[in-house]
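To keep things clear, I will list the structure first and then write my remarks on it.
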Amino acid sequence: MLSKNKIKLVGQLSNKKFRYENSLFLAEGHKCVNELLKSFECVFLAHTEGYELPDGVRKPKDIETVTSQELKQVSLLETPQNVLAIFRIKPNAGNGVKLEGKLTIAIDGVQDAGNMGTIVRIADWFGVEDIVCSFGTVDVYNPKCVQATMGALARVNVRYTDLAEFLKSASEKVSVYTTTLDGSNIYESKLDNNAVVVFGNEGNGISREVRSLCNRSLIIPSFPKERVTSESLNVGVAAAIVIGEFRRQFK
């Protein structure tokens with residue numbers, strides 16, 4: 001049976017300040033937990049009967065078998081699954097990302113946890129190893145965001161920093177892309193694989209300072225050209241299209 005301290009700890013991990021004061025975050029569900037066990041230190045794991053640790057991972061020192069009802073009482077999900085785990089957050093190293101010779105994603109102020117989680121999954125799918133976020137971007141260790149990544153955090157490094165200063169430090173050889181309504185048609189553009197692609201806030205887009213540091217602009221054209229359409233695409237959808245086109249040109 002879970003102790004009162006464990007129940008309290010799980011609940012406190014929904015609070016960002018508590019997560020970072022203790023360098024801990026919560027994950028739920030076998031898919032998400034099993035992926036994270038391969039990359040993060042697990043400090044506690046609770047599971048129902050029938051759950052099995054994936055092959056090749058170290059058994060957590062603190063592990064408990066609980067009933068479905070006990071797991072439901074502590075879970076932050078509307079529909080709890082068979083396992084939850086508490087992991088240690090890796091140290092942040094926002095200014096240590098190497099940009100040259102690869103594709104990097106930058107996030108400026110995205111607020112929705114689902115969108116952020118989707119972008120992490122997109123990065124994982126297309127082999128993008130690093131995402132650099134502004135301090136105003138939603139916390140990737142938010143339980144809803146962790147859930148939306150479906151374990152992709154195991155392979156994608158997400159860092160928070162002063163994004164404008166980070167981009168200023170980029171080599172002149174690195175192209176910094178953004179998407180705008182007056183940008184070049186992405187399907188007609190020769191893209192640079194030595195690049196950072198910046199995605200902005202759902203309502204306000206990219207901040208003025210960060211936009212001034214972008215030297216390449218793209219548009220995802222609607223179809224057909226003369227048809228009246230929605231004002232914009234969801235940021236997660238836009239990220240999938242843009243990163244997918246980069247990978248199509250640079251397999």
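All figures in this text were calculated on a predicted structure; none of them were measured in a lab. If you read the sequence from its start, that first residue is 1, and numbering goes on from there.
- In summary, the side chains of S184 and S189 do not present any donor paired with an acceptor at a separation below 3.5 Å, with no hydrogens or angles considered.
- The main-chain N or O of L24 is never found under 3.5 Å from a side-chain atom of R88 such that the two would form a donor-acceptor pair.
- Under a 3.5 Å cut-off, the side chain of E70 and the backbone N or O of T67 do form a donor-acceptor pair.
- Across L9, N142, V33, L84, a single residue satisfies side-chain contact (heavy atoms from CB on, under 4.5 Å) together with L26, and that is L84.
- A salt bridge between K16 and D139 is absent, with no side-chain N of the basic residue lying under 4.0 Å from a carboxylate O of the acidic one.
- The shortest non-hydrogen separation linking I105 to A123 is CD1-CB, 4.0 Å.
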#### Entry: side-chain contact (heavy atoms from CB on, under 4.5 Å) between E35 and M150, intermediate numbers included
CA-CA 8 Å; E35 291 293 328; M150 292 299 289; over 6 Å; no

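- N15 places a side-chain N or O within donor-acceptor distance of the main-chain N or O of F18, the cut-off being under 3.5 Å.
- The structure places CD1 of I86 at 10.0 Å from CG of N22, a figure rounded to the nearest 0.5 Å.
- A side-chain N or O of Y177 and one of R216 form a donor-acceptor pair less than 3.5 Å apart.
- Scanning for side chain to side chain contact (heavy atoms under 4.5 Å, CB included) contacts around P54 gives N34, L37, Y51, V57, with sequence neighbours left out.
- Contact between V110 and M116 at its shortest, heavy atoms only, is CG1-N, 4.2 Å.
- Counting heavy-atom neighbours within 6.0 Å of E100 CD, excluding the residue itself, gives a total above 12.
- T180 and D182 form a side-chain donor-acceptor contact under 3.5 Å, judged by distance and modelled atom types alone.
- Here side chain to side chain donor-acceptor pair (under 3.5 Å) pairs that include residues 198-207, with residues two or more places apart or in two chains, are D108-S207, N115-E202.
- Expressed to the nearest 0.5 Å, how far CD1 of I107 lies from OG1 of T137 amounts to 6.5 Å.
- In this structure, a donor-acceptor pair under 3.5 Å is present between the side chains of S75 and E28.
- No donor-acceptor distance shorter than 3.5 angstrom exists from the side chain of T104 to the backbone of L99, with no hydrogens or angles considered.
- Checked by atom type and distance alone, the side chain of Y160 pairs as donor or acceptor with a backbone atom of V140 at under 3.5 Å.
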### Query
Could you go step by step and tell me if S68 and T48 meet the side-chain hydrogen bond (donor to acceptor under 3.5 Å, both in side chains) rule?
CA-CA 6 Å; S68 297; T48 58; 5.0 Å; no

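- Remark: the backbone N or O of G101 is paired with a side-chain donor or acceptor of N194 at under 3.5 angstrom.
- The backbone N or O of K102 sits nowhere less than 3.5 Å from a side-chain atom of N193 that would complete a donor-acceptor pair.
- Residues that satisfy the salt bridge (Lys or Arg N to Asp or Glu O under 4.0 Å) test with D112, not counting sequence neighbours, are absent from this structure.
- Between I243 atom CD1 and L103 atom CG the span is 4.5 Å, to the nearest 0.5 Å.
- Judged by the 6.0 Å and 45° rule, K6 forms a cation-pi pair with F44.
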### Query
Which is it for K90 and E41 under the salt bridge (Lys or Arg N to Asp or Glu O under 4.0 Å) test, yes or no, and what are the steps along the way?
CA-CA 9 Å; K90 295 178 180 179; E41 177 189 353; over 6 Å; no

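- Of the inter-residue distances, the one linking C133 atom SG with F166 atom CZ reads 10.5 Å to the nearest 0.5 angstrom.
- Residue I241 is not grouped with residue F223 when hydrophobic side chains (ILVMFWY) are merged at heavy-atom distances under 4.5 angstrom, including chains of intermediate members.
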### Message
Determine whether H47 and T65 satisfy the following criterion, side-chain contact (heavy atoms from CB on, under 4.5 Å), listing intermediate values before the conclusion.
### Response
CA-CA 5 Å; H47 66 88; T65 302; 3.2 Å; yes

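- Smallest separation of non-hydrogen atoms from A27 and F87: CB-CE1, 3.8 Å.
- The hydrophobic cluster containing L45 does not contain L77, counting ILVMFWY residues as joined when their side-chain heavy atoms lie under 4.5 angstrom apart, directly or transitively.
- For F246 and F126, the ring centers are positioned 6.0 Å apart or more.
- Minimum interatomic distance between S14 and P143 (heavy atoms only, all atoms of both residues): CA-CG, 4.1 Å.
- Between I119 and A239 the shortest heavy-atom distance is CG1-CB, 4.1 Å.
- Between the side chain of S212 and the backbone N or O of E209, at least one donor-acceptor pair lies under 3.5 Å.
- Checking side-chain atoms of Q249 against main-chain N and O of L191 turns up a donor-acceptor pair under 3.5 Å.
- Atom SG of C32 sits about 5.5 Å away from atom CD of Q147, to the nearest 0.5 Å.
- Note on V146 and V10: separate hydrophobic clusters, where clusters join Ile, Leu, Val, Met, Phe, Trp and Tyr whose side-chain heavy atoms are under 4.5 Å apart, directly or indirectly.
- Judged by distance alone, the side chain of E129 and the main-chain N or O of G127 form no donor-acceptor pair under 3.5 Å.
- Residues L13 and F25 have side chains not in contact (no heavy-atom distance under 4.5 Å, counting atoms from C-beta outward).
- Taking hydrophobic clusters as Ile, Leu, Val, Met, Phe, Trp and Tyr residues chained together by side-chain heavy-atom distances below 4.5 Å, V196 does not share a cluster with I219.
- Of all non-hydrogen atoms in V74 and L2, the two that sit nearest each other are CG1-CD1, 3.8 Å.
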### Query
Given V132 and L163, is the side-chain contact (heavy atoms from CB on, under 4.5 Å) satisfied, shown in steps?
CA-CA 7 Å; V132 182; L163 188 56; 4.1 Å; yes

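- Summarising the geometry, atom CG belonging to L36 is positioned 10.0 Å from atom NZ belonging to K31; distances are rounded to the nearest 0.5 Å.
- Tracing side-chain contacts under 4.5 Å through hydrophobic residues (I, L, V, M, F, W, Y), one reaches F135 starting from F199; they form part of the same cluster.
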